[in-house]
> 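Below is the structure I would like to discuss, written out as structure tokens.
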Amino acid sequence: MGLMKGTSLLLYAPAGKHVPVQFVKGVGPKGAEVLAQSKFSIASVEDLLQHYPRRHLDFSETTSIREVGVGQEVTLIGEVKKVKAAPPGRKKFPTKVTLSDGTSSIELAFFNQPWRAKQLRAGTVIAAKGKVSTFAGKRQMTSPMVDVIKDSDEVIKIVPIYPATAEIHTAWLRRIIRSALEEYSPLADPLPLEIRDRHSLLDRTRAMTRYHFPGEMKEKWEARRRLVFDELFTLQIGLAFRKRRIEQDTIGISHKVEAELAGRMIEDLPFELTQAQIRSIREVEEDMARSIPMHRLLQGEVGSGKTVVALYAAMLAVQGGYQAAIMAPTEVLASQHFLTINSLLTGTSMGDFPENVSRASLLGPEVVLLTGSVPAAKRREAIARIADGRADIVVGTHALIQEAVEFSNLGLAVVDEQHRFGVHQRIALREKTQGGSTPDVLIMTATPIPRTLALTLYGDLDVSVLDELPKGRQPVETAIVEESNRQEAYSLVRDEVASGRQAYVITPLIEESDKLEVKSAEAEAERLASEVFPDLRVAKMHGRMRPAQKESVMSSFRNGDIDVLISTTVVEVGVDVPNATVMLIEDADRFGLSQLHQLRGRIGRGAHPSKCILFASSLEEVDEEERKIARERLKALASTTDGFELANKDLELRGTGTIMGARQAGFSDLRLTHLIKDVDILKRARDEAFSMIETDPELSKHELIRLEMEGRFAERLEWLFHS
Ligand code: ADP
Ligand code: MG
């Protein structure tokens, strides 16, 4: 069976079109089961071919056994000549293997690995990596890393080493991948020749073959470019396709943008907008004026002034008689937005009314707060106002997308910190209006996502970036402080409080659900309150408190009734208390870089210089490697306040999967792509994908590309075809 005649193998096949791996020579039903059950979940030939080598061993770059000296760390390649199994039950005696490469021989000693005797039979060719030592006057390698290179007669110069398991050996993988390549070549190549030429890309069959089995190392890199291009192109095609669908299938609102209410709001602000704010406002305005629904991501550093942009957008909606909703991930943030918006609007004069004005223009927009902790009666009132259109701007939490809430005329949905909500809620909010047109959507995030990553993650969105802080902000000075200087850090808090400022102490509660940690955070708060700062006004806050309780602590802190706020990361985003100038972060090494940056953004928001102190005492509990990475993270944090630079660094240190907390469709399929190193390819793939969808929106002229797109987004077809 296998493939039908005349069709060739796709790398991403839609459901039902996968070719079972069992048909590959040397696999069979049993082998197929082992592959499928393994952690690699290799079920199809496509999966098998995309099980890429972890690295390659280039024979020409290894050391000969004769030349190798004691103390050197080397890779030796040779044939097993003799095996002496460890005597059973004698733990101190290793299994000994004599390895020879024709120039000389060396002994390999494996302790506690009796199975090596079976694996490494005489005649097996292996690569052994390790440090050369001496034993009884002879050179030896103790428990080296071993890759079996050959258990048959194949002869290759550069050997792919695959991710393997106890059941799935790299040599077997090598054999069956080679068979698969032979049996299924040529592979389908969906990419038009024209695009391949434009970017000097190999055809797919050649790329796949050379990536697994390069004749020379430089072939591997050429091959990789094509495979990475494919990974990114298919992803971008999906994003472009979806974007086009949304734009086509929905009728948006053409908001009227001539300066009226919105313009006046800006004029009456107590500060000048930054250039970045002006640019973003213009972008939002252009989007909102169009009849295609806006779908824009507003990205900006903490403190960069996103709320003003969001409020401007809301005013554009309101001045045309529409409602605007602003949804925040927590109650604290929702009520803070509510306060900020009210204060930004107090300056807005509703004085000389032009002709034909809306009610909002006469009286100022009515701003309503709707969260879980709003008391029942007020809540009913709010819901009624939302339903009959009296509420112009509605600020809230998830409460906004509950069943009972119906907007009369929703024209704009602003979603703050959307990665905490996920795509679903974003759509749910948009659908909260009764029939008719689709509201515009503005998503705000304070997580500085490197542009490339934003394009990959949110390729279906347009992006505005606030990459500039308002004038007069003092950069936050950050220092890593050793345990022995803890008292000095406390004195700093004391000094700041003495001169009228306020401080945060962040305790390392990472899992809000962990009772033990809640306790330790509380114990620490207790200790600080009673032993360290008995004379100061100290309060504590954590995620397990009821929203109303949290809100009350926050408002006392905002009002200056609390000197030191001891908190877990619930103060992470958006909280704005300009008078707070010091932050101590306990066990800073346990936080991610982006998260630390977010936390630090709580200070340095006013005119006074601010300081952030990082304690890293839990570093002593982790292993060398982790400690090194944690140190690097902290150093990076101390060395720059540029969130984008830090996000890049974080990406480098932690890999892509962890950045957002949640993964977007298709993202986990990036097997070869490195989002920092492959920026150039990403751009090319993105441009090609978007222009292809522009000229061939249904991909009817690119049938294979359409098939691969459907295969790639198989689990998210609904999302892809959202209409
Ligand atoms: P974020 O981007 O973190 O949400 P906010 O919108 O909360 O930032 O703004 C932070 C603070 O800066 C607010 O108090 C806001 O009123 C103020 N602000 C916003 N834009 C400017 C500006 N251009 N100049 C001075 N202050 C500004
Ligand atoms: Mg519009």
Side-chain angles (χ1 to χ4, degrees), residues 262 265-284 296-315 324 326-330 332-348 367 393 395 414-420 442-449 463-476 502 504 554-555 557-560 569-581 583 594-608 610 641-644 646-647:
M265 187 274 286
I266 296 292
E267 275 165 32
D268 295 340
L269 284 174
F271 45 73
E272 298 259 298
L273 293 179
T274 64
Q275 285 308 309
Q277 281 172 321
I278 293 171
R279 194 178 57 231
S280 299
I281 279 176
R282 207 174 292 137
E283 287 163 351
V284 165
R296 181 169 286 277
L297 178 71
L298 175 64
Q299 234 194 299
E301 283 273 9
V302 279
S304 58
K306 291 184 291 298
T307 317
V308 176
V309 179
L311 181 59
Y312 182 82
M315 296 299 259
I326 299 176
M327 183 162 76
T330 64
V332 167
L333 281 179
S335 38
Q336 184 174 291
H337 276 315
F338 182 69
L339 292 176
T340 310
I341 286 170
N342 277 312
S343 78
L344 288 171
L345 287 176
T346 45
T348 306
V367 188
I393 298 178
V395 183
V414 177
V415 184
D416 191 7
E417 288 299 320
Q418 78 94 29
H419 65 273
R420 298 208 183 178
L442 180 68
I443 294 156
M444 304 198 285
T445 174
T447 312
I449 311 163
V463 181
S464 294
V465 183
L466 294 180
D467 51 4
E468 181 189 353
L469 292 179
K471 271 200 221 85
R473 288 281 161 80
Q474 301 267 0
V476 178
Q502 290 163 283
Y504 293 102
M554 264 334 286
S555 76
F557 191 60
R558 241 180 249 129
N559 295 337
T569 56
V570 293
V571 292
E572 188 180 335
V573 272
V575 169
D576 187 21
V577 181
N579 192 46
T581 53
M583 175 175 283
S594 298
Q595 197 181 15
L596 287 169
H597 181 62
Q598 299 273 320
L599 283 167
R600 178 172 64 176
R602 303 302 105 232
I603 55 175
R605 297 173 76 90
H608 304 282
S610 296
T641 51
D642 181 336
F644 288 92
L646 287 171

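Order of appearance sets the numbers: ligands from 1, and atoms from 1 within every ligand. Remember, predicted model here, so these are calculated numbers, not experimental data.
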> Return the CE to CG distance between Met315 and Leu344, rounded to the nearest 0.5 Å.
9.5 Å
> State whether the side chain of Ser343 and the backbone N or O of Thr340 hold a donor-acceptor pair below 3.5 Å, judged by distance alone.
yes
> Checking Gln277 side chain against Gly305 main chain: does a donor-acceptor pair fall under 3.5 Å?
yes
> Has ligand 1 got any nitrogen or oxygen that is less than 3.5 angstrom from a nitrogen or oxygen of Gln277?
yes
> Please list, chain by chain and in numerical order, all residues satisfying side chain to side chain donor-acceptor pair (under 3.5 Å) with Asn579, sequence neighbours excluded.
Arg501, Gln502
> Using a 4.0 Å heavy-atom cut-off, which part of Leu273 comes near ligand 1: side chain, backbone, both, or neither?
backbone
> Give the atom numbers and elements of ligand 1 that come within less than 4.0 Å of a heavy atom of Ser304.
2 (O), 8 (O)
> I'd like to check which ligand 1 atoms, numbered from 1 as shown, lie under 4.0 Å from a non-hydrogen atom of Glu272.
22 (C), 23 (N), 24 (N)
> Between Lys471 and ligand 1, is there a nitrogen or oxygen pair with a distance under 3.5 Å?
no
> Determine whether a donor-acceptor pair (N or O, by modelled atom type, separation under 3.5 Å) exists between the side chain of Arg279 and the backbone of Val465.
yes
> Would you please name every residue forming a side chain to side chain donor-acceptor pair (under 3.5 Å) with Arg296, sequence neighbours left out?
Asp287, Ser464
> Do any N or O atoms from the side chain of Thr581 and from the backbone of Ser610 form a donor-acceptor pair under 3.5 angstrom?
no
> Any idea which atoms of ligand 1 are less than 4.0 Å away from a heavy-atom of Thr307?
4 (O), 5 (P), 6 (O), 7 (O)
> Which atoms of ligand 1 have any heavy atom of Thr274 under 4.0 Å away?
23 (N)
> Hey, is Gly300 one of the residues with a heavy atom under 4.0 angstrom from ligand 1?
no
> Between ligand 1 and Arg605, can you find any atom pair, the residue atom being a heavy atom, that is separated by under 4.0 Å?
yes
